[in-house]
Amino acid sequence: MERNVTTPAIVVMGVSGSGKTTVGQLLADRLRVPFVDADDLHPPANRAKMAGGTPLTDDDRAPWLEAVGRAMSAADGGVVVACSALRRRYRDTIAAAAERPVRFAHLAGPEALLHERMAAREHFMPPALLRSQLDTLEPLDPAEPGRSFATAEEPAYIASRIHDWITTEKDAAA
């Protein structure tokens, strides 16, 4: 049976504190597709490492990125995933495992705002690791299927802008 992929697979990406989960959930609701938080796919060892203040290595991330892509592949129809997807090769790994077209919506913002958000929430990722994520982050390349959005905007507004971009792009491809 062929799966319905008319609604794309979308990764709402960025460093911790950028609003990926909030924006991703709002976007999934607008698109009427499932939402997956990639944080839920981390193995316990990764979560423990980050909670202890140790940044993940590429070896730590590899099985997690594959799991993110498999979760996207398993979706019948569209899906929105919140995932850091910090490097181009991470995004390539996700897209390859997803076995379908994937679009990336990068939420970018100033370090002070991101740190403030991280400090105000309960999460296994401590604010002390923000700098390591920013150092690892490779912004979207113009050749990648994605766009950047300012994370300082209201989450509903950001989700609306991503929705408009995805919808316009889909209509243009038809």
Side-chain angles (χ1 to χ4, degrees), residues 1-43 46 50 56-109 114 125 133-134 136-151 153 155-174:
M1 180 168 131
E2 193 169 318
R3 99 181 124 174
N4 174 9
V5 292
T6 57
T7 303
I10 303 161
V11 174
V12 179
M13 62 168 278
V15 298
S16 192
S18 63
K20 298 179 299 289
T21 300
T22 301
V23 171
Q25 289 172 328
L26 291 167
L27 179 61
D29 289 347
R30 283 186 70 110
L31 292 169
R32 296 185 179 107
V33 299
F35 172 76
V36 176
D37 191 333
D39 282 348
D40 297 337
L41 303 176
H42 271 295
N46 282 10
M50 288 184 283
L56 297 179
T57 65
D58 285 353
D59 288 341
D60 296 325
R61 286 185 182 101
W64 171 64
L65 295 167
E66 290 281 335
V68 171
R70 284 192 307 274
M72 296 180 88
S73 178
D76 181 26
V79 62
V80 174
V81 176
C83 178
S84 55
L86 299 173
R87 292 185 190 254
R88 169 102 192 233
R89 70 176 171 265
Y90 302 168
R91 297 186 290 271
D92 290 345
T93 297
I94 291 167
E99 300 178 328
R100 63 189 301 174
V102 177
R103 304 291 177 267
F104 296 92
H106 176 204
L107 304 184
L114 300 168
M125 178 76 161
Q133 282 204 325
L134 290 167
T136 302
L137 177 66
E138 294 174 355
L140 290 167
D141 183 274
E144 288 184 90
R147 280 187 55 190
S148 290
F149 299 86
T151 194
E153 301 287 350
Y157 177 74
I158 299 168
S160 174
R161 289 194 53 224
I162 297 169
H163 177 270
D164 291 349
W165 164 60
I166 293 296
T167 303
T168 301
E169 184 179 86
K170 184 175 79 171
D171 291 345

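Counting begins at 1 with the first residue of the sequence.
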Side-chain donor-acceptor pairs of residues 24-31 under 3.5 Å, sequence neighbours excluded:
none

Separation of Trp64 CH2 from Ile94 CD1 (nearest 0.5 Å): 6.5 Å

Validation row: His163, Ile166 side chains within 4.5 angstrom (heavy atoms): no

Under 3.5 Å side-chain donor-acceptor pair for Asp60 and Thr57: yes

Tabulate below the donor-acceptor pairs under 3.5 Å that side-chain atoms of residues 140-149 make, not counting sequence neighbours, or state none.
residue, atom, partner, partner atom, Å
Asp141, OD1, Ala143, N, 2.8
Glu144, OE1, Arg91, NE, 2.7
Glu144, OE2, Arg91, NH2, 3.0
Glu144, OE2, Asp141, N, 2.8
Ser148, OG, His106, ND1, 3.4

Atom pair CD/CZ of Glu99 and Arg70 - distance to nearest 0.5 Å: 10.5 Å

Those residues that, when tested against Asp58, pass salt bridge (charged side-chain N to carboxylate O under 4.0 Å, His left out) (two or more places apart): Arg61, Arg89

Heavy-atom pair with the smallest gap, counting every atom of Ala150 and Ile158: O-CD1, 3.4 Å

Heavy-atom donor-acceptor pair, Lys20 side chain to Val12 backbone, under 3.5 Å: no

Gap separating the CD1 atom of Ile10 from the CZ atom of Phe35, nearest 0.5 angstrom: 11.5 Å

Note, Thr136 side chain near Tyr90 side chain (heavy atom, < 4.5 Å): yes

Exercise: identify the closest heavy-atom pair between Leu41 and Ala67: CD1-O, 3.9 Å

Under 3.5 Å donor-acceptor, Arg88 side chain and Glu138 backbone: no

For Ala98 against Met72, the heavy-atom pair lying closest together: CB-CB, 3.8 Å

Donor-acceptor under 3.5 Å (Ser18 side chain, Val15 main chain): yes

Asp92 side, atom CG; Arg87 side, atom CZ - distance, nearest 0.5 Å: 13.0 Å

Residue pair Pro155 / Thr22: nearest heavy atoms and the distance that separates them: CB-CG2, 3.7 Å

Nearest non-hydrogen partners of Gly19 and Thr151, listed with the distance: N-OG1, 4.3 Å

